[in-house]
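One structure is given here, and the rest of the page talks about it.
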Amino acid sequence: MDTTIRPTTPSTTKHLVGNTVASRLFQTPPILWKGDIGEAKAQQELMESYINLAPLNKSLTLIAGADISCNKNSPVIYAGIVVLNAETLEIIERASVITETAFPYIPGYLSFREVPALLQAWQKLTTKPDAVMLDGHGVMHPRKVGVATHFGLAANVATLGCAKKRLIGRFDDPAPAQDSVTELTYQGEMRGYVYRSRAGIKPIFISPGTGMNYEDALSITRQTCAGYRLPEPTRLAHQYVNEIRVAHGEQPPTNNKGSV
DNA sequence: GCGACAG
DNA sequence: ATCTTGTCGC
């Protein structure tokens with residue numbers, strides 16, 4: 001038998017969630033819109049090499065949801081992050097920021113519009129969660145760098161994407177029953193799941209951002225669904241940023257459901 | 001060239 | 001994302 005005493009510290013950082021290099025590289029400065037998508041695409045290709053899809057390396061005690069709210073004809077955006085107890089789903093802390101975005105919405109480049117603001121809210125948090133759920137895709141993206149992946153690399157935290165619509169790939173509709181799942185494939189590769197969070201309701205699209213694997217992303221989604229189409233982290237973050245928006249004096253979205 | 005296209 | 005009217009169902 002092997003009785004060798006091994007060191008308690010890993011000999012490689014390859015599978016660690018934390019990557020300070022990537023964090024410093026991608027959180028600042030934000031790429032500004034100059035009418036050319038080239039620079040953003042180049043950064044996505046660089047970010048792709050830093051993605052870590054190893055299993056989540058810690059127990060999930062705190063889970064956060066992040067989202068933004070904005071007006072169609074205004075550069076002002078309201079970004080917010082809500083930290084929840086992953087077990088009870090009760091709110092632990094919230095942080096928000098009102099700022100302006102320097103990038104337009106372009107399918108495939110959403111993160112350059114939202115991440116800078118989300119990072120400001122992230123820095124305000126007193127309690128950092130074990131993982132963050134973003135309103136958008138993770139690696140279920142043409143270059144695997146959706147908003148969840150970009151934010152995870154920049155903030156140095158494990159992330160998953162939970163989107164309401166497809167961006168890429170092919171998939172079969174999951175069965176009508178609640179909790180049904182199918183895989184989405186892009187260029188012959190599995191990129192995530194199509195998950196029926198509620199019976200008979202349009203499914204949501206789940207994929208890891210970075211710092212976790214596909215199974216982690218799906219199990220975290222299942223664990224945080226509370227009877228609504230969207231999981232609590234994302235659902236409450238959405239509610240939160242709209243509250244911030246109203247408190248700032250703007251008109252709430254037309255679809256605004258009753259508060260509280 | 002044409003259709004698709006997260007928030 | 002936001003805008004937007006009515007409609008179907010619990």
Side-chain angles (χ1 to χ4, degrees), chain A residues 30-31 33 37 40-41 44 47-48 65-81 96-119 121 132-152 159-171 176 178 184-187 191-195 197-210 217 221 227-231 233-235 237-246 248 250-258:
Chain A
I31 291 181
W33 180 241
I37 212 65
K41 185 176 182 184
Q44 287 183 335
M47 287 192 278
E48 180 177 359
D67 192 18
I68 68 119
S69 178
C70 61
N71 281 319
K72 195 175 186 180
N73 303 309
S74 167
V76 177
I77 60 177
Y78 304 84
I81 300 179
S96 66
V97 63
I98 300 176
T99 182
E100 294 193 3
T101 181
F103 213 91
Y105 169 65
I106 300 172
Y109 298 88
L110 172 68
S111 69
F112 295 97
R113 176 177 174 76
E114 303 195 346
V115 168
L118 290 173
L119 285 174
V132 181
M133 178 183 288
L134 282 289
D135 187 23
H137 294 290
V139 299
M140 195 182 280
H141 175 281
R143 288 165 292 284
K144 302 190 178 184
V145 192
V147 63
T149 306
H150 188 157
F151 180 80
T159 58
L160 67 151
C162 175
K164 297 180 289 299
K165 294 178 182 177
R166 181 197 78 106
L167 175 62
I168 58 162
R170 300 159 50 83
F171 65 96
Q178 191 252 82
L184 182 145
T185 299
Y186 180 64
Q187 296 182 341
R191 288 294 192 87
Y193 303 101
V194 183
Y195 178 63
S197 52
R198 287 190 63 179
I201 294 298
K202 283 168 60 69
I204 53 181
F205 300 79
I206 308 301
S207 64
T210 189
T221 298
Y228 298 91
R229 182 187 178 215
L230 299 181
T234 292
R235 193 178 72 83
H238 188 78
Q239 255 182 214
Y240 178 47
V241 293
N242 280 330
E243 284 175 25
I244 296 302
R245 176 171 164 180
V246 173
H248 189 254
E250 282 205 44
Q251 289 298 311
T254 320
N255 281 330
N256 190 35
K257 304 299 181 184

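To find a chain, count down the sequence lines: A is the first, B the second, and so on, and within it residues start at 1.
Judged purely by atom type and a 3.5 angstrom limit, A:Arg170 has no side-chain atom pairing as donor or acceptor with the backbone of A:Thr185. Distance alone, capped at 3.5 Å, is enough to place a donor-acceptor pair between the A:Arg191 side chain and the A:Val139 backbone. Under the 3.5 Å distance criterion, the side-chain polar atoms of A:His137 are left unmatched by any main-chain donor or acceptor of A:Ala148.
At whole-Å resolution of the value, CG in A:Leu167 and P in C:dA1 are 15 Å apart. In this entry the distance linking NZ of A:Lys72 with P of C:dC3 reads 8 Å, nearest Å.
Residues forming a side-chain hydrogen bond (donor to acceptor under 3.5 Å, both in side chains) with A:His150 (at least two apart in sequence, or on another chain): A:Ser111. Every side-chain hydrogen bond (donor to acceptor under 3.5 Å, both in side chains) that A:Arg143 has, sequence neighbours left out, goes to A:Gln44, A:Tyr109. Residues that satisfy the side-chain contact (heavy atoms from CB on, under 4.5 Å) test with A:Pro107, not counting sequence neighbours, are A:Tyr105. Annotation: side-chain contact (heavy atoms from CB on, under 4.5 Å) contacts of A:Ala79 (sequence neighbours excluded): A:Ile68, A:Val97, A:Ala117, A:Leu118. The ring pair (Phe, Tyr, Trp, His ring centres under 6.0 Å) search around A:Tyr186 returns none, not counting sequence neighbours. Annotation: salt bridge (Lys or Arg N to Asp or Glu O under 4.0 Å) contacts of A:Lys164 (sequence neighbours excluded): A:Asp135. Not counting sequence neighbours, the partners of A:Arg245 by the side-chain hydrogen bond (donor to acceptor under 3.5 Å, both in side chains) test are A:Ser69, A:Asn71. Among residues two or more places apart in sequence or in another chain, the ring pair (Phe, Tyr, Trp, His ring centres under 6.0 Å) test is passed with A:Tyr240 by none.
Residue contacts shown for A:Gly108 include a base, since a base heavy atom lies under 4.0 Å away. If you check every strand for non-hydrogen atoms under 4.0 Å, A:Phe112 touches nothing.
Once rounded to the nearest 0.5 Å, the distance linking SG of A:Cys70 with CD of A:Glu114 reads 7.5 Å. Taken from CG in A:Leu184 to CZ in A:Arg166, the straight-line distance is 7.5 Å, to the nearest 0.5 Å.
Of the side-chain N and O atoms in A:Arg245, one or more sit less than 4.0 angstrom from OP1 or OP2 of C:dT2. Remark: A:Ser69 is not in phosphate contact with C:dA1, judged by side-chain N or O atoms under 4.0 Å from OP1 or OP2. The side chain of A:Lys164 contributes an N or O atom lying less than 4.0 Å from OP1 or OP2 of C:dA1.
Contacts between chain A and DNA chain B, taken as any atom within less than 4.0 angstrom of a protein heavy atom, begin and end at B:dA4 to B:dG7.
In DNA chain B, no run of at least 3 Watson-Crick or G-U pairs (N1-N3 plus N6-O4 or O6-N4, or N1-O2 plus O6-N3, all under 3.5 Å) shows up, so the stem list is empty.
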Requested in this report: Treat a base pair as Watson-Crick or G-U wobble with both distances under 3.5 Å, then lay out DNA chain C in dot-bracket form, 5' to 3', with | for cross-strand pairs.
Outcome: ..........
Distances for protein N or O near nucleotides 7-10 of chain C N or O, under 3.5 Å:
none

